[in-house]
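Report on one structure; see the data block that follows.
Predicted model only: the values in this text are computed from it and were never measured.
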Amino acid sequence: MHITFFPDDLAAAALEAQEGIMEVQEVQADSSSVANQDIEWYNKGLNLLAEDNSIEALNCFEKAIGGAPREEQALRVRAQNGRGHALYQLGRYPESIQAYHTAITMDPAGVTGRALYNMGSSYAAVELYSDAIKCFEQALDRGLDKDDVNICKTQINRCKLLHKEQEKRRRAAA
């Protein structure tokens, strides 16, 4: 029995396999750099929010949302919440509520007390006090610290009073 080696064919196969590995690594690097870029947009948005630069923050959150792959759900949810906060700071309360709802819909189990509190604040700003109260009450059970719990309870009491006044005005107008 005689075994024949084909060095040219083996070399070509090795080269082809190496090129395939490099292509896979490039795709992984591309998706990794895209995810990193989206995280950078999100972080930049947070910094801009802290600097009260809501318009630029909103743009950053929207870029993070638009660029984040579907499987990066946690980033997309955080960016939607950031978008909601930026819209709130801009006085665009209905859009803010919509952004928070989008985040909640994406991950109902991961809803934080902070997100519910912020959404409640947006509802209160458009005088939808019963919805605001619901958000604030749900926020109490979702990991707020002691100071935030006290602020949330104060907001609940304020909204209840404002809701009663609103109902009195509606009845008087009817």
Side-chain angles (χ1 to χ4, degrees), residues 27-28 30-164 166-167 170:
V27 168
Q28 289 173 341
D30 286 346
S31 64
S32 164
S33 66
V34 166
N36 287 338
Q37 183 179 19
D38 297 329
I39 291 168
E40 287 176 25
W41 281 120
Y42 171 75
N43 288 333
K44 186 175 181 179
L46 288 179
N47 290 332
L48 290 165
L49 270 181
E51 297 169 3
D52 289 327
N53 190 344
S54 304
I55 292 173
E56 291 300 317
L58 179 61
N59 289 334
C60 290
F61 291 128
E62 288 177 347
K63 287 179 182 177
I65 293 164
R70 285 253 181 251
E71 61 272 7
E72 292 292 333
Q73 184 176 355
L75 174 61
R76 294 169 62 85
V77 168
R78 286 193 311 263
Q80 279 291 351
N81 282 321
R83 183 174 177 268
H85 191 68
L87 289 163
Y88 177 86
Q89 284 185 349
L90 291 168
R92 293 165 54 183
Y93 307 116
E95 291 172 84
S96 174
I97 294 166
Q98 186 176 14
Y100 290 123
H101 272 290
T102 300
I104 290 169
T105 302
M106 291 170 73
D107 184 16
V111 179
T112 65
R114 175 60 58 196
L116 287 165
Y117 176 86
N118 289 344
M119 188 165 65
S121 297
S122 294
Y123 274 122
V126 293
E127 299 181 4
L128 293 171
Y129 300 117
S130 61
D131 290 327
I133 292 166
K134 289 175 192 173
C135 289
F136 291 137
E137 287 175 342
Q138 290 176 40
L140 291 173
D141 300 329
R142 303 255 181 169
L144 296 177
D145 66 29
K146 187 176 179 179
D147 291 337
D148 288 339
V149 165
N150 290 334
I151 292 168
C152 197
K153 287 179 179 179
T154 300
Q155 291 296 76
I156 291 169
N157 291 332
R158 286 179 182 162
C159 286
K160 284 180 178 180
L161 290 172
L162 291 167
H163 183 67
K164 283 180 185 178
Q166 191 178 55
E167 290 301 309
R170 280 189 190 151

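The heavy-atom pair separating Leu144 from Asp148 by the smallest distance is CB-CB, 3.9 Å. Considering all non-hydrogen atoms of both residues, Tyr129 and Ala124 come closest at CE2-O, 3.7 Å. Of all heavy-atom pairs spanning Ala115 and Tyr100, the tightest one is O-CD2, 4.1 Å. Heavy-atom minimum distance, Ala139 versus Gly113: CB-O, 3.4 Å. Across all their heavy atoms, Phe136 and Cys159 have their closest contact at CE1-SG, 3.8 Å. Of all heavy-atom pairs between Leu49 and Ala86, the closest is CD2-CA, 3.7 Å.
Contact of the Tyr117 side chain with the Gln155 side chain is registered, since non-hydrogen atoms from C-beta on lie closer than 4.5 Å. Side-chain contact check for Phe61 versus Leu46: some heavy-atom pair is nearer than 4.5 Å. Arg170 has its side chain within reach of Gln166: a pair of non-hydrogen atoms, C-beta onward, lies under 4.5 Å apart. Arg114 is not listed as a side-chain neighbour of Asn81, based on a closest heavy-atom distance of 4.5 Å or more. With contacts defined as side-chain heavy-atom distances shorter than 4.5 Å, the pair Leu162/Glu127 does not qualify. For the pair Val126 and Ile97, the minimum side-chain heavy-atom distance is below 4.5 Å.
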>> Glu72 vs Asp38, test: side-chain contact (heavy atoms from CB on, under 4.5 Å). Steps then yes/no.
In response: CA-CA 10 Å; Glu72 292 292 333; Asp38 297 329; over 6 Å; no
> Should Glu51 and Leu48 be marked as a side-chain contact (heavy atoms from CB on, under 4.5 Å) after you check the CA-CA gap, both sets of side-chain angles, and the distance that decides it?
Replying inline: CA-CA 5 Å; Glu51 297 169 3; Leu48 290 165; 3.8 Å; yes
>> Does Tyr93 form a side-chain contact (heavy atoms from CB on, under 4.5 Å) with Ser121? I'd like the steps, not just the answer.
In response: CA-CA 9 Å; Tyr93 307 116; Ser121 297; over 6 Å; no
>> Run the salt bridge (charged side-chain N to carboxylate O under 4.0 Å, His left out) test on Lys164 and Glu167 for me, step by step, so that the C-alpha distance in whole Å, both residues' side-chain angles and the decisive distance to 0.1 Å come before the verdict.
In response: CA-CA 5 Å; Lys164 283 180 185 178; Glu167 290 301 309; over 6 Å; no
>> Between Tyr42 and Leu75, is the side-chain contact (heavy atoms from CB on, under 4.5 Å) condition met? List the steps.
In response: CA-CA 8 Å; Tyr42 171 75; Leu75 174 61; 3.8 Å; yes
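Other residues, nucleotides and ligands contribute over 12 non-hydrogen atoms within 6.0 Å of the CD atom of Glu62. The number of heavy-atom neighbours closer than 6.0 Å to CD1 of Ile55, taken from other residues, nucleotides and ligands shown, is 12 or below.
The distance from atom CD of Gln89 to atom CG of Asn53, rounded to the nearest 0.5 Å, is 9.5 Å. Separating the CG atom in Leu116 from the CG atom in Leu140 is a distance of 10.0 Å, to the nearest 0.5 Å. Summarising the geometry, atom CE belonging to Met119 is positioned 15.0 Å from atom NE2 belonging to His85; distances are rounded to the nearest 0.5 Å. The CG atom of Asn118 sits 12.0 Å away from atom CG of Leu87, with the distance rounded to the nearest 0.5 Å. Expressed to the nearest 0.5 Å, how far NE2 of His101 lies from OG of Ser96 amounts to 10.0 Å. His163 NE2 to Leu128 CG: the interatomic distance, rounded to the nearest 0.5 Å, is 10.5 Å.
Between the side chains of Gln73 and Arg76, no donor-acceptor pair is found at a separation under 3.5 Å.
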